[in-house]
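Everything on this sheet refers to the single structure shown next.
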Number of protein chains: 2
Amino acid sequence: MRPNKREELVHKALGIFYQNGFHATGMDMIVREAGISKTSIYKHFRTKDDLILAVLRLRDENFRNWLYRRIEETAQTPKQQMIVLFDAVDEWFALPEFKGCMFIKASAEFQEPDNPIYVQAAEHKRMLYEHFADVAQKAGATKPKELSRDLMLLVEGAIVMAAMGVFSDAAGDAKRAAISLIEAQLN
Amino acid sequence: MRPNKREELVHKALGIFYQNGFHATGMDMIVREAGISKTSIYKHFRTKDDLILAVLRLRDENFRNWLYRRIEETAQTPKQQMIVLFDAVDEWFALPEFKGCMFIKASAEFQEPDNPIYVQAAEHKRMLYEHFADVAQKAGATKPKELSRDLMLLVEGAIVMAAMGVFSDAAGDAKRAAISLIEAQLN
DNA sequence: CCTTAGATGTACTGATCGGTATTTACAATT
DNA sequence: AATTGTAAATACCGATCAGTACATCTAAGG
């Protein structure tokens, strides 16, 4: 009983925080929307911030697992993996509930560099960077870390421009630019 | 008297909102930090959101004026202008008070697409995009809008990665990638 | 049926929230 | 000095904030 309720809470809180923002979501709203009593919430988490941290952990795990799996099941070579990364984020952008990156939001709302929330958000990005540095190395890039940074810059830029509704095909633009940069590094 | 006090308020509120976040900053904190009475604040602005809108307008004007001037005084050709854009944002990142892009923060905290704050934040990005599409055209790019989107993706990505402390030379990385993309388009 | 563990429901706390209302103070102009 | 306009100071409003306390309910296992 206990583990499932905790997971249910984190899962529901994730959706609520994502749609409303962290500070703009009060615990009473979580109670109402999640249908879980405040007593239970505080039984599992000492503070609202602890709940947010758990939410970020779940989101990190879900997102990275989905992304890596999505990429690996549609691309055969490491080079192709770097390219279809942008198809995957394009799928993400097309989701009806898409409202940008939860980790960017977390770091925007919790800006102190020693805040565990900020720290965890940044860690998520580092893990993505390291993953794609590995992919770039396997693809035979002469400077895999540099290429990974290129890809990350394009992905993050695309997330921002898509979330703000400024570019209509942010992922497509980023993919095109990425292909150019990949070709320049691999040839 | 009146215009100056209003401007003083907007200027101070800009700093306070930028350091603390919009929702995380209450009007009582603005009163304390700005040293302006709540009566005066509400005399000039009907609501907190109206104050935020004025803050975004001021920030937009200051930032774009600074950026364009900075670029034009250090670059002679439109092509050079696209490249020194990244030197300018590097200077910005190096400021002690740098905490990312206020417009990204605004759109993250006010996510409804019909919210005037979200709308204004997105408009800021559009104006940058159009400006650099113009620069790219003058530089002789075959697809100036596309190149401008490339530059914007890199700039926004760099802002995110710098604000989150993930990349140590986000602007430098973005510049290197931008040069590659510019050369590919102009040659 | 009884016990235990998990969960709900509800009221409460002191503080803050955005915004309102009223009085007083201050500065500039005539 | 009087007048006018601006601004500060302060108390207030109803609501929400994160978190606490306590009683009650529910479900599962022995």
Side-chain angles (χ1 to χ4, degrees), chain A residues 1-56 105-106 108-112 114-118 120, chain B residues 1-58 105-106 108-112 114-118 120:
Chain A
M1 313 293 177
R2 187 179 200 166
N4 284 344
K5 199 67 168 175
R6 189 186 191 277
E7 287 173 17
E8 179 191 345
L9 167 62
V10 175
H11 182 260
K12 287 186 176 178
L14 192 160
I16 299 161
F17 280 130
Y18 186 55
Q19 292 298 315
N20 292 287
F22 295 103
H23 281 103
T25 302
M27 297 305 271
D28 284 340
M29 184 188 284
I30 299 279
V31 169
R32 275 196 316 269
E33 299 286 328
I36 295 170
S37 74
K38 202 181 281 193
T39 315
S40 288
I41 294 174
Y42 281 102
K43 182 157 193 173
H44 294 292
F45 298 97
R46 205 174 43 87
T47 62
K48 180 181 177 181
D49 279 11
D50 283 353
L51 174 60
I52 291 171
L53 283 168
V55 162
L56 291 181
K105 291 175 192 301
E109 289 200 41
F110 299 89
Q111 304 186 127
E112 299 311 310
D114 60 346
N115 186 313
I117 291 171
Y118 178 94
Q120 193 168 319
Chain B
M1 312 297 177
R2 184 180 203 166
N4 282 345
K5 198 66 170 178
R6 187 186 193 278
E7 287 173 18
E8 179 190 344
L9 167 61
V10 176
H11 182 258
K12 287 185 175 178
L14 192 160
I16 299 161
F17 280 131
Y18 186 54
Q19 292 297 316
N20 291 287
F22 294 102
H23 282 102
T25 301
M27 297 303 271
D28 286 339
M29 184 188 284
I30 299 279
V31 169
R32 279 197 312 273
E33 300 285 328
I36 295 171
S37 73
K38 203 181 282 193
T39 314
S40 290
I41 293 174
Y42 282 102
K43 181 155 195 172
H44 295 293
F45 296 97
R46 205 173 44 90
T47 61
K48 179 180 175 182
D49 280 10
D50 283 354
L51 174 60
I52 291 172
L53 283 168
V55 162
L56 291 181
R57 260 188 296 268
L58 177 64
K105 291 175 192 299
E109 289 201 42
F110 300 90
Q111 302 185 129
E112 299 310 310
D114 59 347
N115 186 312
I117 291 170
Y118 178 95
Q120 194 168 318

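A note on names: the letters A, B, ... follow the listed sequences, proteins ahead of strands, and every chain is numbered from 1.
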query = Would A/Y18 and A/V55 count as a side-chain contact (heavy atoms from CB on, under 4.5 Å) if you check the C-alpha gap in whole Å, the side-chain angles of each, and the deciding distance to 0.1 Å?
reply = CA-CA 10 Å; A/Y18 186 55; A/V55 162; over 6 Å; no
key: Atom-pair distance (CG on A/N20; P on D/dT16), nearest Å   = 14 Å
note = B/I52 CD1 to C/dG19 P, in whole Å, measures 9 Å
key: Length of the line joining B/M29:CE and C/dC17:P, which is rounded to integer Å   = 7 Å
key: Length of the line joining A/M27:CE and C/dT8:C1', which is rounded to integer Å   = 16 Å
task = Quick one: do A/K48 and A/I30 satisfy side-chain contact (heavy atoms from CB on, under 4.5 Å)? Show the steps, please.
result = CA-CA 10 Å; A/K48 180 181 177 181; A/I30 299 279; over 6 Å; no
query = Once you round it to whole Å, what is the distance between C1' of D/dT16 and CD1 of A/I30?
reply = 15 Å
query = Can you find a heavy atom in the side chain of B/L53 that is under 4.5 Å from one in the side chain of B/F45?
reply = no
Polar side-chain atom of B/Q19 near backbone of A/Q111 as donor-acceptor pair, under 3.5 Å = no
ask   = Do B/T47 side-chain and C/dG18 base share a donor-acceptor contact under 3.5 Å?
value = no
ask   = In whole angstrom, what separates B/L9's CG from D/dT6's P?
value = 16 Å
ask   = Between C/dG19 atom P and B/D28 atom CG, what is the distance in whole Å?
value = 12 Å
query = Starting at the 5' end of DNA chain D and moving along, which residue's nearest nucleotide shows up first, A/T39 or A/F22?
reply = A/F22
Proximal nucleotide (of C/dA7, C/dG18, D/dA18) relative to the A/K38 side chain = D/dA18
inquiry  = Starting the side chain at C-beta, find the nucleotide from C/dG19, D/dG19, D/dA8 nearest to A/K48.
reply    = D/dG19
message = Rounded to whole Å, how long is the line connecting atom NE2 of B/H23 with atom C1' of D/dA15?
response = 15 Å
From C/dT8, D/dC17, C/dG19, nucleotide with atom closest to B/Y42 side chain = C/dG19
query = Centroid-to-centroid, B/H23 to A/F22, below 6.0 Å?
reply = no
ask   = Can you find a side chain N or O atom of B/S40 that sits less than 4.0 Å from OP1 or OP2 on D/dA7?
value = no
key: side-chain N/O B/K43 vs D/dA8 OP1/OP2, d < 4.0 Å   = no
